[in-house]
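Structure record follows, encoded as structure tokens.
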Amino acid sequence: MNAPFTVPRTVSIGGMGKTRRLRIGGAADVSVQTMWKEGIACASADADALFSVRARIEELEKLGCDILRFAVPDRESADNLIRIADEVSMPLVADIHFDYKLALRCLDGNVAKIRINPGNIGSRERIQAVAEKAADRGAAIRIGVNAGSLPLDLRKQVAAGTMSRAEALAETAFRETELLEELDFHNVVVSMKASSVAETIEANEAFARRFDYPLHIGVTEAGPLIGGIVKSTLAFSRLLGEGIGSTIRVSLSSSMIDEVIAGGEILKETGKRSGGVRIVSCPRCGRNGFDVHGFVDRWQSELLSRRQDITVAVMGCVVNGPGEAQHADIGITGAGDTVIIFRKGEKVRTVSAEGADAAFREELEKL
Ligand code: SF4
């Protein structure tokens, strides 16, 4: 019989400088992460660029992003990440491959967590140097194991068919977790990511049977918007339902905003995140008298950024529109040549399609 899954211990990140303290694991809410999609070697070279980066991070935060990771491939990026971390309250993570000295440099600043890839970071001494400085700074370390960069001996076993890729992912995480424990470093989060849903699930389940460090879960290289959301939803639904996964990232060949929105929606639908705006909208068909798609495109980000616990219905015509709209806190539906707005079940406005956005905003502000 398999061992039961452990309950994750609590790991704390942030709390230095302006950075908000965030708990991961334990009784804490499941966090949503995304990763900055551009290089930051020049991102904060001047005040305007830094202002723009800060504004984009604040937009992600409003949409429900809790943690943001940056690739740090060189010294200039490390220096700029330190500058960015001084400007924002969101806990930032430095993603380090190959060069442990970049991790040490990031730890000179208010970087909340260092993600290292054990498959390429090098010797025990290098990991020890990072762990010692992280402990001094109060930063966490994420052991980020990826199916594409497993240690050589395990790659050989996978190639020889004596070990599955999921077993190799988990074994890599076991080794690195044990190494950090030997170094007396315990502020650890672990991830094991594969592009296969089944391998991702199997590796995370194996880890959760053995260690109680919180897991950051994700299907890596999951693909474009639709395919990536499907794969991530399948994996997260299973793992979160088992109590596995303290932070999530929906990894998409799409924008950070899409990743954050997808992550938030998965948490809402799996019961791991409560409150916020729930959008009900129809798929639209030939009966529509109102451009549901266009309206949702225009309003989605703003609605999901609002700190209100409400349901918004956006419907194309009178077949299902009034019914759905009446059950929402605010509803808008096409009705022939006009658009009807409902608030708390009451029909409050009938306007033209051109006036729909302005009227909707006025009624929304009354909630
Ligand atoms: S609400 Fe109307 S427009 Fe929307 S899918 Fe249903 S029938 Fe079609």
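Whatever order the structure lists ligands and atoms in, that order sets their numbers, starting from 1.
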ask   = Do you know which of Ile261, Leu63, Leu68 makes side-chain contact (heavy atoms from CB on, under 4.5 Å) with Met256?
value =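 So, applying the side-chain contact (heavy atoms from CB on, under 4.5 Å) to Met256 and each of Ile261, Leu63, Leu68, only Leu68 qualifies.
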Leu22-Ile84 co-clustered via ILVMFWY side chain contacts under 4.5 Å =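 Unlinked, Leu22 and Ile84 end up in two clusters.
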Proximity winner for atom 8 (Fe) of ligand 1, if only heavy atoms of Cys285, Cys317, Gly289, Gly321 are counted = Cys285
note = Ranked by distance from atom 1 (S) of ligand 1, the top protein heavy atom is Cys282 SG, 3.7 Å
Phe295 ring center within less than 6.0 Å of Phe360 ring center =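 When the ring centroids of Phe360 and Phe295 are compared, they turn out to be within the sub-6.0 Å range.
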query = Counting from 1, what ligand 1 atoms have a heavy atom of Asn288 closer than 4.0 Å?
reply =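 Atoms satisfying the 4.0 Å criterion: 3 (S).
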query = Near Asn320, which atoms of ligand 1 are under 4.0 Å from a heavy atom of that residue?
reply =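 Near Asn320, the atoms of ligand 1 are 6 (Fe).
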ask   = Is any side-chain N of the basic residue among Lys366 and Glu362 closer than 4.0 Å to the acidic one's carboxylate O?
value = no
